[in-house]
Amino acid sequence: MERTMSWDGACRAHGGSMMAEVAYIGGYTPDTEGSGPGITLIELGSLARLGETPASGPSFLAVHPVLPILYAVGESERGTVGVFARADDGRLSPLAQRSSEGTAPCHLSVDPTGTRLAVANYGDGTLSVHGIDGSGLLTDTWIFPYREGAHAHQAVFGPDGVLYVSDLGADEIRRYLVGDEVVPHPEGPVRLASGMGPRHMATASGHWYVAGELDGTVRAYDAEWREIHVVPASGSGERNQPSHLEARGELVYVANRGPDTISVFAGPELKPVAEVACGGAWPRHFAIADGRMYVANQRSDTVAVLPLKDGVPRPAGELFAVGTPSCVLPLP
């Protein structure tokens, strides 16, 4: 069941102010082979639709850790990064746009200090890192092309001051030191299993976990990036292209495209805990907030809400209709 409320109606219902629990949904737009409106703002829980902001192909979103600023990739041949101001009621206003310095940017993240923005360009494998000034606007840029066949899929600032970039085309985790300057790590990239196709990764309790899009696995690594466990991401036996992965406490969550499920493992041994239907088709991304998992099901044009019990998702209770969603971003 979809719940929809007008912007004015939602604000009146809450005394004219924005609710504390909200999220932005990004996705593909008609000019990027999708049907989404741009960036959609919803209230978590009620699923009230609070507003829409036009943007071209905002397939991944990130917020500044302190400032009321949101960043969005524009996933197209001429990739872009958009900067948006967030009003108190959650509505977005475009502030600036610049090149992502590569093609088809599909992921971006802000470092914990709010001074660097990293962008993974899937099309040509280029990593770009942008300085952020005190107003949230982008300044200096460091550009790191990579070898032919590279496909940078995710850029994550680690707890050790290192920027990690998963490269699906090179079967590597590229590493960069981030300080006053951004430079390649002197020890080079981490080589992973050939043909794995690393997509998304996460770290928890001194371990790293990586989803292999091409071989359908989840792999666990120790703090030195030595592989310690590998398991199929889905027990369904169907062809699987895992997408998003998150680690929370002792649990590792993986979205499975093909089987259309969410798998849960207990790390670091990756013991299977559960595998449940994602509530739609082609789960591209998910986010956990307010005791629920919100799954962006790209091919069914819905975000499914899966209640969590003891950290394990249950069958979807509600659906929110939105064209080709690819990212769900709850506000911290």
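What's counted below: heavy atoms across the whole structure, side chains too, no hydrogens, waters or symmetry copies. Note that the numbering runs from 1 along the sequence shown for the chain.
Counting all heavy atoms, side chain and backbone alike, Leu245 lies closest to Ala202 at CD2-CB, 3.6 Å.
Looking at His64 and Val66, their side chains come closer than 4.5 Å, going by heavy atoms from C-beta outward. Side-chain contact check for Ile173 versus Leu192: some heavy-atom pair is nearer than 4.5 Å. Contact check for Cys106 versus His153: side-chain heavy atoms found under the 4.5 Å cut-off. Between Tyr24 and Thr53 the shortest side-chain heavy-atom distance does not fall below 4.5 Å. For the pair Leu67/Ser135, no side-chain contact is recorded, criterion being any heavy-atom separation below 4.5 Å from C-beta on. Side-chain atoms of Pro198 and Asp171, non-hydrogen and from C-beta on, do get closer than 4.5 Å to each other. No side-chain heavy atom of Pro242 sits under 4.5 Å from any side-chain heavy atom of Arg257. Proximity of Val81 to Leu138: side-chain heavy atoms (C-beta onward) are separated by under 4.5 Å at one or more points.
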Is there a side chain to side chain contact (heavy atoms under 4.5 Å, CB included) between Asn121 and Thr103? Walk through the geometry before answering.
CA-CA 6 Å; Asn121 290 280; Thr103 63; 5.6 Å; no
Yes or no on side chain to side chain contact (heavy atoms under 4.5 Å, CB included) for Phe84 and Leu61, after CA distance, side-chain angles and deciding distance?
CA-CA 11 Å; Phe84 299 82; Leu61 313 172; over 6 Å; no
Dump the intermediate steps for side chain to side chain contact (heavy atoms under 4.5 Å, CB included) on Ile132 and Ile69, then the final yes or no.
CA-CA 11 Å; Ile132 302 175; Ile69 297 291; over 6 Å; no
Verdict with reasoning, Leu329 to Leu70, per side chain to side chain contact (heavy atoms under 4.5 Å, CB included):
CA-CA 10 Å; Leu329 177 65; Leu70 180 141; 4.2 Å; yes
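For the atom pair SG of Cys278 and CG of Asp260, the computed distance is 4.5 Å after rounding to the nearest 0.5 Å. Atom CD1 of Ile228 and atom CZ of Arg219 lie 12.5 Å apart (nearest 0.5 Å). If you take OG on Ser166 and CD on Glu172, they are separated by 11.5 Å, rounding to the nearest 0.5 Å.
Side chain of Asp133 to main chain of Thr139: no donor-acceptor pair is present (N/O by atom type, distance under 3.5 Å, no hydrogens or angles). In this structure, Asn297 contributes its side chain and Ser300 its backbone to no donor-acceptor pair below 3.5 Å.
Taking hydrophobic clusters as Ile, Leu, Val, Met, Phe, Trp and Tyr residues chained together by side-chain heavy-atom distances below 4.5 Å, Val190 does not share a cluster with Val218. Leu306 is connected to Leu251 through a chain of hydrophobic side-chain contacts under 4.5 Å among Ile, Leu, Val, Met, Phe, Trp and Tyr, so both are in one cluster. If you chain together hydrophobic residues whose side chains sit under 4.5 Å apart, Tyr253 and Phe265 never meet in one group. No single ILVMFWY cluster, assembled from side-chain heavy atoms under 4.5 Å apart, contains both Tyr71 and Val63.
The residues Glu52 and Arg49 are annotated as salt-bridged, a charged nitrogen and a carboxylate oxygen being separated by less than 4.0 angstrom.
Listed by chain and residue number, Thr80 satisfy the side chain to side chain contact (heavy atoms under 4.5 Å, CB included) test with Gln97 (two or more places apart in sequence, or in another chain). For Asp111, the side chain to side chain contact (heavy atoms under 4.5 Å, CB included) partners at least two apart in sequence or on another chain are Thr113, Thr115, Arg116, Phe157. Judged as a side chain to side chain donor-acceptor pair (under 3.5 Å), and not counting sequence neighbours, the contacts of Asp290 are Arg292, Tyr294. For Pro30, there are no side chain to side chain contact (heavy atoms under 4.5 Å, CB included) partners at least two apart in sequence or on another chain. With sequence neighbours excluded, the residues forming a side chain to side chain contact (heavy atoms under 4.5 Å, CB included) with Ala152 are Ala120, Val165, Arg174, listed by chain and number.
At a cut-off of 3.5 Å, with distance as the only test, no side-chain donor of Ser109 or His107 sits close to an acceptor on the other residue. With 3.5 Å as the limit, one finds a donor-acceptor pair spanning the side chains of Asn256 and Ser263. Checked by atom type, the side-chain pair Glu75/Ser59 shows a donor-acceptor distance below 3.5 Å.
Ring-plane geometry between His244 and Phe286 is classed as perpendicular, the angle between the planes exceeding 60 degrees on a 0 to 90 degree scale with a lower cut at 30.
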Show me the donor-acceptor pairs within less than 3.5 Å that the side chains of residues 267-277 make with the rest of the protein, sequence neighbours left out.
from	atom 1	to	atom 2	distance (Å)
Glu275	OE1	Gly235	N	2.9
Glu275	OE2	Ser234	OG	2.6
Glu275	OE2	Thr261	OG1	2.7

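Screening Arg199, Arg284, Arg239 for a salt bridge (charged side-chain N to carboxylate O under 4.0 Å, His left out) with Glu213, the sole residue that qualifies is Arg199.
Aromatic ring centres of Tyr164 and Trp208 lie closer together than 6.0 Å.
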